[in-house]
Amino acid sequence: VQLQASGGGLVQAGDSLRLSCVGSGRTFSSYEVGWFRQAPGKERAFVGSISGSGRTTYYADFVKGRFIIARDNAKNTVYLEMNSLKPEDTAIYYCATGPLYSRTRYEYAYWGQGTLVTVSS
C-alpha cells in the first residue's frame with residue numbers, strides 16, 4: 001500500500017488544521033493507520049491511530065482531546081483533525097500502516113512522505 005499525506009501549512013496558535021492521508025489499493029480499509037510527528041531535532045513520536053473500520057481510535061497522552069482521527073474508507077482517506085494548535089505542535093506529520101495499539105514507529109510498515117505543520121505564536 002502507498003500512502004500520501006497532505007494538508008500541512010503555516011497556522012497561528014489556537015487555529016485548527018486537518019491533515020489527510022490517502023492510501024492506494026482496494027484493501028485500504030483493512031489497514032490500521034497511525035499518525036506520527038517529528039519535530040526538529042527530536043525523535044518521531046506517536047500521535048494516534050485508527051482501526052480499519054474507523055470504530056476504534058487510540059491517542060498519545062499529549063493529544064489530550066485536541067486531535068481527532070477519523071477515516072472515510074470510500075475515499076481511502078484517514079484524517080487527523082488538530083484543534084487548539086500550539087507552537088510545540090510544529091513538526092512533520094506522517095501517516096503509516098501498523099498495529100492499532102502500537103506507539104513504536106518500527107512496527108509500522110508503510111509510510112507516507114510527511115507533511116509539514118508550522119504553528120506560529
Side-chain angles (χ1 to χ4, degrees):
V1 62
Q2 293 183 324
L3 304 177
Q4 183 169 359
S6 63
L10 174 63
V11 297
Q12 294 186 335
D15 284 352
S16 296
L17 196 63
R18 189 177 75 165
L19 307 183
S20 299
C21 174
V22 179
S24 63
R26 298 179 181 179
T27 61
F28 181 71
S29 61
S30 68
Y31 288 95
E32 296 165 336
V33 175
W35 285 96
F36 286 74
R37 70 184 189 182
Q38 188 163 16
K42 294 189 177 181
E43 294 289 320
R44 194 169 298 187
F46 175 77
V47 174
S49 56
I50 189 166
S51 63
S53 67
R55 286 193 288 267
T56 304
T57 53
Y58 178 59
Y59 296 99
D61 293 340
F62 72 82
V63 169
K64 294 181 180 177
R66 295 188 300 126
F67 294 1
I68 299 171
I69 299 175
R71 69 190 298 163
D72 183 344
N73 285 332
K75 297 181 179 179
N76 276 11
T77 303
V78 173
Y79 302 99
L80 175 63
E81 182 175 341
M82 303 184 292
N83 301 303
S84 302
L85 283 163
K86 306 174 183 179
E88 50 263 43
D89 294 318
T90 294
I92 299 174
Y93 284 74
Y94 299 88
C95 59
T97 61
L100 176 64
Y101 293 112
S102 174
R103 301 179 180 223
T104 305
R105 59 178 290 191
Y106 302 105
E107 294 186 355
Y108 285 75
Y110 300 101
W111 290 81
Q113 84 286 5
T115 186
L116 176 63
V117 173
T118 303
V119 184
S120 64
S121 57

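Every heavy atom of this structure was used, including side-chain atoms; hydrogens, water molecules and symmetry mates were not. If you're wondering where the values come from, they're calculated on a predicted model, not measured in any experiment. One-based numbering along the sequence shown.
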| said: As an exercise, state the distance from CZ of Arg37 to OG1 of Thr115, rounded to the nearest 0.5 Å. | reply: 14.0 Å

| said: side chain to side chain contact (heavy atoms under 4.5 Å, CB included), that's the test. Do Asp15 and Val119 meet it? Break it down for me. | reply: CA-CA 8 Å; Asp15 284 352; Val119 184; over 6 Å; no

| said: In the structure I gave you, are the side-chain heavy atoms of Val11 and Thr118 within less than 4.5 Å of one another anywhere? | reply: no

| query | Which pair of non-hydrogen atoms, one from Glu32 and one from Gly52, has the smallest distance, and what is that distance? | reply | CG-N, 3.9 Å

| query | Just wondering, more than 12 heavy atoms not from Glu81 lying within 6.0 Å of its CD? | reply | yes

| request: Quickly, which of Val78, Thr77, Leu3 forms a side chain to side chain contact (heavy atoms under 4.5 Å, CB included) with Val22? Name it, please. | output: Thr77

| Is Trp35 reachable from Trp111 through a run of hydrophobic residues whose side-chain heavy atoms are each under 4.5 Å from the next? | no

| field | Leu100 side chain near Thr56 side chain, heavy-atom distance below 4.5 Å | value | yes

| field | Any pair counted as ring-ring contact (aromatic ring centres under 6.0 Å, His included), so long as it reaches residues 65-101, sequence neighbours left out | value | Tyr58-Tyr101

| Quick one: does Leu19's side chain get under 4.5 Å of Met82's, heavy atoms only? | yes

| request: Would you check if Arg55 and Ile50 make a side-chain contact, meaning some heavy-atom pair closer than 4.5 Å? | output: no

| message | Nearest 0.5 angstrom please: Arg44 CZ to Arg105 CZ, how far? | response | 4.5 Å

| Hey, what do you get for CG (Leu17) to CG (Leu10), rounding to the nearest 0.5 Å? | 10.0 Å

| said: Let me confirm one number: the CD1-OG distance from Ile68 to Ser16, rounded to the nearest 0.5 Å. | reply: 9.5 Å

| Taking atom CG of Asp72 and atom OG of Ser29, what is their separation to the nearest 0.5 Å? | 11.0 Å

| task | State whether the side chain of Thr27 and the backbone N or O of Ser30 hold a donor-acceptor pair below 3.5 Å, judged by distance alone. | result | no

| task | Could you tell me whether Phe46 and Tyr59 have their ring centroids closer than 6.0 angstrom? | result | no

| message | Starting from Ile92, can I reach Val47 by hopping between I/L/V/M/F/W/Y residues whose side chains sit under 4.5 Å apart? | response | no

| said: Taking the side chain as everything from C-beta on, heavy atoms only, tell me whether Lys75 gets closer than 4.5 Å to Asn73. | reply: no

| query | So, is the end of the Arg71 side chain (NZ or CZ) under 6.0 Å from the ring centre of Phe28 and within 45° of the ring's axis? | reply | yes

| field | Spatial distance of atom CD (Gln113) from atom CD (Gln4) [nearest 0.5 Å] | value | 5.0 Å

| Smallest separation among heavy atoms of Pro99 and Glu107, with atom names | CD-O, 3.2 Å

| query | Would you say Thr97 and Tyr108 make side-chain contact, with heavy atoms under 4.5 Å? | reply | no

| task | Return the minimal non-hydrogen interatomic distance between Ser121 and Pro87, and the atom names on each side. | result | CB-CG, 3.8 Å

